[in-house]
There are 2 protein chains.
Amino acid sequence: MSLKHGLLGLLSTWEASGYDIKQEFDGFVSVFWHSNLSQIYPELAKLETNGWIQSRLVQQVGKPDKKLYQITAAGKEELETWLSQPPELPKRKDTFLMQTFFSDQLSTDEALFQLQTFERKQREKIDEMEKFLDDTLQGIRTRQAIKKRIVVAASVYTHAIEQEKLHLAWVKNMMVTLEKARSIWMMTERSSRLKSLTDCF
Amino acid sequence: MSLKHGLLGLLSTWEASGYDIKQEFDGFVSVFWHSNLSQIYPELAKLETNGWIQSRLVQQVGKPDKKLYQITAAGKEELETWLSQPPELPKRKDTFLMQTFFSDQLSTDEALFQLQTFERKQREKIDEMEKFLDDTLQGIRTRQAIKKRIVVAASVYTHAIEQEKLHLAWVKNMMVTLEKARSIWMMTERSSRLKSLTDCF
DNA sequence: CTGTGCATGTAACACGTTACATGATTTC
DNA sequence: GAAATCATGTAACGTGTTACATGCACAG
């Protein structure tokens with residue numbers, strides 16, 4: 001439902017190829033969307049059939065030819081319609097939170113090991129994101145750029161980093177909790193059956 | 001890939017029907033996973049075929065019969081294998097962040113209206129979540145319950161609320177930014193073409 | 001008598017992932 | 001000589017959503 005509008009949104013400010021778009025999905029845009037080439041290419045073709053975008057072939061030297069897409073008037077209309085739709089609250093899917101939630105089925109040591117691994121990966125990700133923001137925001141002050149898209153982009157990305165930091169803080173906190181309770185759980189049950197998740201409180 | 005393990009995880013501590021599981025996906029579990037009945041029922045059937053869970057029919061009075069599923073030894077093994085898999089960093093998909101990111105294609109007024117609508121919905125959601133946590137945590141202190149699952153559940157849910165609060169704070173901040181810049185943008189461009197998202201900084 | 005809750009499912013469709021296929025150029 | 005980058009796609013498969021189908025009990 002939304003890859004379509006992601007493509008239209010990206011093409012609303014610059015002419016791009018499927019490959020270019022993939023770069024954005026792997027970079028800046030990754031904080032709110034992602035996709036892969038084998039989905040992007042057919043979707044672009046579909047958008048062109050619908051008349052929302054238009055392509056032109058560009059020959060290059062030393063590189064393969066590429067197909068650049070541009071948004072049409074109809075495409076802009078479609079995008080604006082979508083942008084005006086009532087916003088929806090995100091439905092979360094987080095495998096690691098799920099793994100953690102069910103980690104009472106592992107030993108405390110195993111659970112802690114998983115948390116440690118995640119903590120390291122998460123720290124690395126945050127470092128990369130901060131580096132990326134620094135690199136791209138360096139120029140924002142030097143050049144003019146009080147453009148809407150740029151201001152919003154900076155805010156969205158900064159917020160994304162904050163989100164990731166909060167996540168990291170929680171993992172650390174979870175680790176402390178498990179360490180503290182380790183001795184208590186070492187002797188106790190591993191298979192007590194509850195009636196329901198919420199009922200058991 | 002993970003609905004399977006979500007079902008196994010839920011069935012690892014209590015016997016449940018597809019309908020019961022759906023309740024959890026709509027309640028507590030919603031902070032990290034969700035699904036709908038028309039996916040859950042066939043998936044449970046598949047898990048039973050694989051020998052990871054076992055069902056029994058239970059007759060009820062005044063209510064339709066139900067099929068309760070229990071995890072098997074093989075199912076527990078499968079679950080533990082999955083729980084020990086290296087944790088993966090979540091790949092975010094957030095339509096509202098995307099709408100906001102592309103909101104330079106709307107007027108400042110329209111963008112602000114979208115943010116206001118989201119802010120209200122988000123506040124309502126947080127209120128509900130806090131109520132839910134209060135209701136369920138009330139009993140945690142009165143009864144024993146230093147069980148692993150419960151401690152982790154409380155931590156996961158509290159963290160989920162913090163996440164949503166951070167999101168709310170960002171929306172508020174975004175609104176202030178737009179208000180401030182409104183006068184500047186009123187006169188300026190709405191269609192300046194950039195070379196690329198990151199290049200434009 | 002209408003809607004909500006309880007309870008289980010199927011069918012069609014849309015969306016997303018992985019593997020496969022091609023081929024030139026550049027970097028290690 | 002091998003791997004990465006640029007560039008575009010198809011095919012098969014797996015996951016997720018929406019619509020449909022059934023039927024009893026209870027509350028308003």
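Sequence lines set the chain letters: A, B, ... in the order given, protein chains first and strands last, and positions in each chain run from 1. This is a predicted model, so every value here is computed, not measured. What's counted below: heavy atoms across the whole structure, side chains too, no hydrogens, waters or symmetry copies.
- With rounding to whole Å, A:F25 atom CZ is found 14 Å from C:dC15 atom P.
- Taking a cutoff of 4.0 Å between a charged side-chain nitrogen and a carboxylate oxygen, B:K131 and B:D127 do not qualify as a salt bridge.
- Atom pair A:E43:CD and C:dA14:P shows a separation of 11 Å (rounding to whole Å applied).
- The pair B:R120-B:E124 meets the salt-bridge criterion, with a side-chain N (NZ, NE, NH1 or NH2) lying under 4.0 Å from an Asp/Glu carboxylate O.
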Could you pull out all donor-acceptor pairs under 3.5 Å where a side-chain atom in residues 42-55 of chain B meets a protein atom, sequence neighbours excluded?
{"from": "B:E48", "atom 1": "OE1", "to": "B:S55", "atom 2": "OG", "distance (Å)": "3.4"}
{"from": "B:E48", "atom 1": "OE2", "to": "B:S55", "atom 2": "N", "distance (Å)": "2.8"}
{"from": "B:E48", "atom 1": "OE2", "to": "B:S55", "atom 2": "OG", "distance (Å)": "2.7"}
{"from": "B:T49", "atom 1": "OG1", "to": "B:A45", "atom 2": "O", "distance (Å)": "2.9"}
{"from": "B:N50", "atom 1": "ND2", "to": "B:K46", "atom 2": "O", "distance (Å)": "2.9"}

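- Between B:Q23 and B:P42, the one whose closest nucleotide on DNA chain C sits nearer the 5' end is B:Q23.
- Separating the CG atom of B:L47 from the P atom of C:dG9 is a distance of 13 Å, rounded to the nearest angstrom.
- Between the CG atom of A:L44 and the C1' atom of C:dG16 there is a distance of 15 Å, rounded to whole Å.
- A:L37 has its CG atom 18 Å from the P atom of C:dA21, to the nearest Å.
- Whole-Å rounding puts the B:Y41 OH to C:dC6 P distance at 11 Å.
- Residue-environment remark: CD (A:Q85) exceeds the threshold of 12 foreign heavy atoms within 6.0 Å.
- Applying the 6.0 Å contact sphere to CD of B:E77 captures no more than 12 heavy atoms from other residues, nucleotides or ligands.
- Considering B:K148, B:K147, B:R149 as possible partners of A:D104, the one that fulfils the side-chain hydrogen bond (donor to acceptor under 3.5 Å, both in side chains) test is B:R149.
- As a whole-Å value, the separation of A:Y19 OH from C:dT25 C1' is 12 Å.
- If you take CD of B:E48 and P of C:dT8, they are 12 Å apart, rounded to a whole angstrom.
- The aromatic rings of A:W170 and B:H159 lie parallel to each other, their planes meeting at an angle below 30°, with 60° marking the opposite boundary.
- Looking at heavy atoms from C-beta onward, B:W33 lies out of side-chain contact with A:F101 at the 4.5 angstrom threshold.
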Got a list of protein N/O to nucleotides 16-22 of chain D N/O distances below 3.5 Å?
{"from": "D:dG16", "atom 1": "OP1", "to": "A:K93", "atom 2": "NZ", "distance (Å)": "2.9"}
{"from": "D:dG16", "atom 1": "OP2", "to": "B:Q39", "atom 2": "NE2", "distance (Å)": "2.6"}
{"from": "D:dG16", "atom 1": "O5'", "to": "B:Q39", "atom 2": "NE2", "distance (Å)": "3.4"}
{"from": "D:dT18", "atom 1": "O4", "to": "B:S38", "atom 2": "OG", "distance (Å)": "2.5"}

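- Across residues 59-67 of chain A, A:G62, A:P64 each have a non-hydrogen atom less than 4.0 Å from an atom of DNA chain C (numbered order).
- In this structure, the side chains of A:E24 and A:W14 come closer than 4.5 Å at one or more pairs of heavy atoms.
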